[in-house]
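Here's the structure, in structure tokens; my notes come after.
If you're wondering where the values come from, they're calculated on a predicted model, not measured in any experiment.
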Amino acid sequence: MARASKTFGGYDALVIGPPSVLDGSEAAELAVIVLHGLGATKEDFADLPRMLGGEQALAGRRLVYVLPQAPPSPLLGAAWWQINVAAFLAISTASPDSMAKMIREEPVGLSQCREKLQKLCAEVRAFAGGGSALPSRRLLLAGFSQGAMTAMDTALHMPPTEPPAGVVFLSGAPIVVEQWSARLQALKQAGEALPVLVTHGMADGTLPFACSGWVRDLLTANGADVKYVTHPGGHDLGGASVVRSLVSFVAARLADRA
């Protein structure tokens with residue numbers, strides 16, 4: 001695997017993949033965009049290509065990983081958009097009215113982030129296509145925590161006729177649920193069922209475990225094809241069972257495009 005620094009959609013990004021893909025001589029079989037969590041950096045998931053590529057199901061496959069860096073944010077370190085940390089921490093004890101308001105209101109900065117990430121996706125597809133644009137179904141969006149929410153929002157705002165290969169939603173929570181429901185319904189009407197892998201640690205003290213169940217239920221009710229995997233850990237990736245699930249999900253996306 002080779003590493004390079006690139007800029008996509010105005011975001012600095014770490015790119016990891018086969019040299020033949022990075023130099024443009026071959027197209028990637030799948031481009032995987034990985035969005036880090038709140039206050040983190042693009043290096044947080046820099047080991048993911050090695051972890052997944054070491055498994056037999058993905059060995060030798062031309063996967064390119066793009067890890068963008070969220071912009072700096074006062075008090076938060078780095079953030080894709082402005083997040084009310086206290087509200088999310090208290091979500092498990094919030095009143096129904098407060099919870100309903102929080103998961104429906106659009107956070108400050110989300111629309112601007114959404115626009116930049118759509119541009120990033122287009123530029124990644126051009127970069128990884130070996131001379132032509134990679135089809136949207138060969139683009140997989142993944143994220144952790146705030147990055148998971150952002151990856152899902154980005155995927156759902158792609159045109160229904162050009163959906164991504166799928167979404168990996170690691171330890172996230174629902175946001176703008178009415179917008180997400182409408183976008184999922186548009187995909188359903190276009191004959192598409194978005195593949196999604198949702199994972200979460202049952203001892204998560206940052207984003208309550210219940211959040212992922214709400215996401216699963218929202219996605220399933222609106223026609224997405226959801227795989228839900230839990231682990232005993234906290235606000236982290238999880239252990240070997242999660243890695244196996246990731247490998248299986250990515251391998252299935254490669255089979256989908258075969």
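Here the side chain of Q146 pairs no donor or acceptor atom with the backbone of G172 at under 3.5 angstrom. No donor-acceptor pair under 3.5 Å is formed between the side chain of H200 and the backbone N or O of T230. A distance-only check finds a donor-acceptor pair linking the side chain of D236 to the backbone of G234 [under 3.5 Å]. Between the side chain of D153 and the main chain of M149, no donor-acceptor pair closer than 3.5 Å is present. A distance-only check finds no donor-acceptor pair linking the side chain of E162 to the backbone of S136 [under 3.5 Å]. Put simply, the side chain of T41 gets close to the backbone of E43: a donor and an acceptor are under 3.5 Å apart. Between the side chain of R104 and the backbone N or O of V177, no donor-acceptor pair lies under 3.5 Å. At least one donor-acceptor pair under 3.5 Å links the side chain of Q118 to the backbone N or O of T154. The backbone N or O of D217 sits nowhere less than 3.5 Å from a side-chain atom of T220 that would complete a donor-acceptor pair.
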Does H231 form a side-chain contact (heavy atoms from CB on, under 4.5 Å) with M202? I'd like the steps, not just the answer.
CA-CA 6 Å; H231 61 86; M202 293 182 286; over 6 Å; no

Full working for side-chain contact (heavy atoms from CB on, under 4.5 Å) between F209 and S171:
CA-CA 8 Å; F209 175 64; S171 302; over 6 Å; no

Go through it in stages, so that I can follow the logic: the residues are H157 and E115, the test is side-chain contact (heavy atoms from CB on, under 4.5 Å), and I'd like the CA-CA distance, side-chain angles, deciding distance and then a yes or no.
CA-CA 9 Å; H157 281 81; E115 183 177 340; over 6 Å; no

Please assess L139 against C121 for the test side-chain contact (heavy atoms from CB on, under 4.5 Å), listing each intermediate value before the final yes or no.
CA-CA 8 Å; L139 182 72; C121 289; 3.8 Å; yes

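Using cut-offs of 30° and 60° for the angle between ring planes, the H36 and W80 rings count as tilted. Taking the six-membered ring where tryptophan is involved, the planes of F144 and F45 are tilted, since the angle between them lies from 30° to 60°.
Nearest approach of A251 to A57, heavy atoms of both residues: CB-CB, 4.3 Å. Here the shortest heavy-atom pairing between W180 and P174 reads CZ3-CA, 4.0 Å. The minimum heavy-atom distance linking V215 with A173 is given by the pair CG2-C, 3.7 Å. A pairwise comparison of heavy atoms in R3 and A46 identifies NH1-CB, 4.1 Å as the closest pair. Taking each heavy atom of T206 and P208 in turn, the nearest pair found is O-CD, 3.8 Å. Residue S73 comes nearest to A79 through the heavy atom pair CB-CB, 3.9 Å, listed as atom of the first residue, atom of the second, then distance.
Residue L52 holds its CG atom at 6.0 Å from CG of L246, rounded to the nearest 0.5 Å. Atoms OG and OH, from S245 and Y228 in turn, are 12.5 Å apart once rounded to the nearest 0.5 Å. For the atom pair CG (L58) and CG (L254), the distance works out to 6.5 Å, reported to the nearest 0.5 Å. The distance from the NZ atom of K6 to the CG atom of L120 is 13.5 Å, given to the nearest 0.5 Å. Between the CG atom of L187 and the CG atom of N222 there is a distance of 10.0 Å, given to the nearest 0.5 Å. T7 contributes atom OG1, which lies 9.0 Å from atom CD of E123 (distance to the nearest 0.5 angstrom).
Annotation: cation-pi pair R125/F127 absent, no NZ/CZ under 6.0 Å from the ring centroid and within 45° of its normal.
Under the 4.5 Å side-chain criterion, counting only non-hydrogen atoms from C-beta, M152 is in contact with L194. Residues V15 and Y65 form no side-chain contact, since every pair of their non-hydrogen atoms from C-beta on lies 4.5 Å or further apart. Residues M1 and P49 are in side-chain contact: their nearest non-hydrogen atoms beyond the backbone lie under 4.5 Å apart. Considering only heavy atoms from C-beta on, P195 stays 4.5 Å or farther from V167 through its side chain. Counting heavy atoms from C-beta on, the side chains of I83 and L76 come closer than 4.5 Å. No side-chain heavy atom of I16 sits under 4.5 Å from any side-chain heavy atom of V64. L117 places a side-chain heavy atom less than 4.5 Å from the side chain of Y11. Side-chain contact between V198 and V229 is absent, with no heavy atoms from C-beta onward closer than 4.5 Å.
Transitive grouping of hydrophobic side chains (ILVMFWY, heavy atoms separated by less than 4.5 Å) keeps I175 and V108 in distinct clusters. Residues L22 and L134 are members of separate hydrophobic clusters, defined by side-chain heavy-atom contacts under 4.5 angstrom among Ile, Leu, Val, Met, Phe, Trp and Tyr.
Qualifying side-chain hydrogen bond (donor to acceptor under 3.5 Å, both in side chains) partners for Q56, counting only residues two or more places apart in sequence or in other chains: none. Evaluation of the side-chain hydrogen bond (donor to acceptor under 3.5 Å, both in side chains) rule for D23 yields S25 as partners, not counting sequence neighbours.
Electrostatic pairing of E55 and R61 does not count as a salt bridge here, judged by no charged N lying under 4.0 Å from a carboxylate O. In summary, R137 and D256 do not engage in a salt bridge, as defined by a charged side-chain N under 4.0 Å from a carboxylate O. For the pair E192 and R183, the salt-bridge criterion is not met [side-chain N within less than 4.0 Å of a carboxylate O].
For the residue pair H235 / S145, a side-chain donor-acceptor distance below 3.5 Å is found, with atom types taken as modelled. Residues E26 and S20 have side chains that bring a donor and an acceptor to within less than 3.5 angstrom of each other. Remark: the D12 side chain and the Q69 side chain contain no N/O donor-acceptor pair separated by less than 3.5 Å.
Under a cut-off of 6.0 angstrom, the local environment of NZ in K116 is crowded, with over 12 non-hydrogen atoms contributed by other residues, nucleotides or ligands.
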